[in-house]
Amino acid sequence: YESYRGIQRASVTREGARIAVELDNALESRSFEASPDGADDGTYRYETVAPDGARVPVRFVETDGGLDLFYRRWRLHAV
């Protein structure tokens, strides 16, 4: 996955029902795991927990180009 002009990149791998996300940009690299949010509506929604304990949504939306990944303020497109 990649944001506009490749400023932010992400790779996503499945680990059972969970996903592992690795984010990378010019300033930092980080990774986290996300669990399904429990909604049973056919969407691809996960959540992770930030260091301060806040729940952060991670979701995937189907587009004409595939799946887009939304995390915090980022929208990343499948590449």
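We number each residue from 1, following the sequence as shown.
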Can we say Arg9 and Asp24 salt-bridge, meaning some charged N sits less than 4.0 Å from an Asp/Glu carboxylate O? no

[X] vs [Y] side-chain heavy atoms within contact, under 4.5 Å:
X     : Y     : value
Tyr44 : Glu62 : yes
Val12 : Leu69 : yes
Glu47 : Val58 : no
Val61 : Phe70 : yes

Restricting to side-chain contact (heavy atoms from CB on, under 4.5 Å), what partner residues turn up for Ala78, sequence neighbours left out? Tyr1

Drop me the distance from [X]'s [atom1] to [Y]'s [atom2], to the nearest 0.5 angstrom.
X     : Y     : atom1 : atom2 : value
Glu33 : Glu15 : CD    : CD    : 5.0 Å
Arg59 : Asp37 : CZ    : CG    : 11.0 Å
Arg73 : Ser3  : CZ    : OG    : 9.0 Å

Between [X] and [Y], which heavy-atom pair has the shortest distance, and what is it?
X     : Y     : value
Asn25 : Ile7  : CB-O, 3.2 Å
Leu76 : Gln8  : CD2-O, 3.4 Å
Tyr46 : Ala17 : CE2-O, 3.5 Å

Same hydrophobic cluster for Ile19 and Val49, using side-chain heavy-atom links shorter than 4.5 Å among ILVMFWY? no

Evaluate the ring planes of Tyr71 and Phe32, with Trp represented by its six-membered ring, and classify them as parallel (under 30°), tilted (30 to 60°) or perpendicular (over 60°). parallel

Return yes when atom CG of Asp52 has more than 12 non-hydrogen atoms of other residues, nucleotides or ligands closer than 6.0 Å, and no otherwise.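 Counting other residues, nucleotides and ligands, CG of Asp52 exceeds 12 neighbours.
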
So Phe60 and Asp68, side-chain contact (heavy atoms from CB on, under 4.5 Å) or not? Walk me through it. CA-CA 5 Å; Phe60 296 85; Asp68 282 1; over 6 Å; no

Does the pair Thr63 and Arg75 meet the rule for a side-chain contact (heavy atoms from CB on, under 4.5 Å), with working shown? CA-CA 12 Å; Thr63 64; Arg75 178 181 186 170; 3.8 Å; yes

